[in-house]
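Data first, discussion second: the structure below is written as structure tokens.
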Amino acid sequence: MSAGLSAAAIGGIAAGVGSVAGAVISSSGAKSAANTQAAGQDAAAQVQQNMFNTINGQEQPFIGIGNGAAGALNNLLGLTNGAGPGGLPNGYLNQTMGQFSFDPSTMANSPAYQFAQSQGLQQVQNAAAPAVGALSGAALKDLTSFATGTAEQYYNNYYNMAQNQYETNLNSLQSQQNNIFSRLSGIAGLGQNAASQVGTAGTQLGTGMAQATAGAAASQAAGTVGSANALSSGLSGAGNTLGSYLTLGNMLSNTNNNSTDYGVPGWSPASGGS
């Protein structure tokens, strides 16, 4: 009896130990696999972070000059206080020259007009003096006609010159304003495009990083659950195996002490089952 129980107990313990050992190995394998998978996902997230940092660093110079150009535009458009670039006044891009106007005094005071009048009148007087006299009615009429004609001629010339100069200055101002606005807008556009590319990269890589981080957490969690399940299953199997061996040992012990080779306690062919 002792030998039978001892053998069964030893066998049960050995089987239980084997089941537990297998469970520990399985648990360790589950954790190791989960850790490996999580490490790979963490590495993927870091790679994406590095990619974003690289893209962001490369685009920063363009974003910087774009911000500078946008600030200069705000000043030149009068949207913010302060002088614009190159010493241009605030609101320069909105400046106008006003309506065209002409001051006749500029013509009357011009040396060219005064010279033409004085020389012309002198010639008229010189021509009239021998014939009708310098102060005759005919001479005064000729002097008046000459003076009026010269004034009209110079007025029209000076008016046209002033108008042409106004249009030239206006076109020059508008052309300069358009050129400045176009250049600053183009530079600001470079910055806007660079910022947009950083934003797009951040969205895409950020989504990938979030997925990789979530995947790493899920892998760790799955490894923990798998490890726990492996240990639980191994311990349960060890208990069942040990119980089965002990039951079998008791059955063998009872058979050896109380029964025939048929293994039923108290039964023999002679008794007929009684």
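Just so you know, these numbers use all the heavy atoms, side chains as well, and skip hydrogens, waters and symmetry mates.
- To the nearest 0.5 Å, the span separating CD on Glu59 from CG on Leu190 amounts to 10.0 Å.
- Residue Thr54 holds its OG1 atom at 10.0 Å from CD of Gln49, rounded to the nearest 0.5 Å.
- Leu76 and Leu88 make their closest contact through CD2-CB, 3.8 Å (heavy atoms, listed as atom of the first residue, atom of the second, distance).
- A side-chain N or O of Gln46 and one of Asn50 form a donor-acceptor pair less than 3.5 Å apart.
- Using a 3.5 Å distance cut-off with no hydrogens or angles, the side chains of Gln174 and Asn178 do not pair a donor with an acceptor.
- Remark: Asn193 CG to Phe62 CZ distance equals 9.5 Å, nearest 0.5 Å.
- At least one donor-acceptor pair closer than 3.5 Å links the side chain of Thr168 to the backbone N or O of Asn164.
- Smallest separation of non-hydrogen atoms from Leu77 and Phe181: CD1-CE1, 4.5 Å.
- Shown here is Asn81, whose CG atom has no more than 12 heavy atoms of other residues, nucleotides or ligands within 6.0 Å.
- Both Tyr159 and Tyr166 sit in one connected hydrophobic cluster of ILVMFWY residues. Membership requires side-chain heavy atoms under 4.5 Å apart, directly or through other members.
- At least one donor-acceptor pair closer than 3.5 Å links the side chain of Asn157 to the backbone N or O of Gln153.
- Among all heavy-atom pairs drawn from Ile187 and Ala69, the shortest one is CG2-CB, 3.6 Å.
- Between Phe102 and Tyr155, the closest side-chain pair of non-hydrogen atoms falls below 4.5 Å.
- The environment of Gln197 atom CD is dense: over 12 non-hydrogen atoms of other residues, nucleotides or ligands sit within 6.0 angstrom.
- In this structure, Asn90 and Gly82 approach most closely via the heavy-atom pair ND2-O, 2.8 Å.
- Taking both residues in full, the closest heavy atoms of Gln177 and Leu93 are given as O-CD2, 3.4 Å, listed atom of the first, atom of the second, then distance.
- Following chains of ILVMFWY side-chain contacts shorter than 4.5 Å, one can reach Leu173 starting from Ile180, so the two form part of one hydrophobic cluster.
- Residues Tyr92 and Gln176 have side chains in contact (heavy-atom distance under 4.5 Å, counting atoms from C-beta outward).
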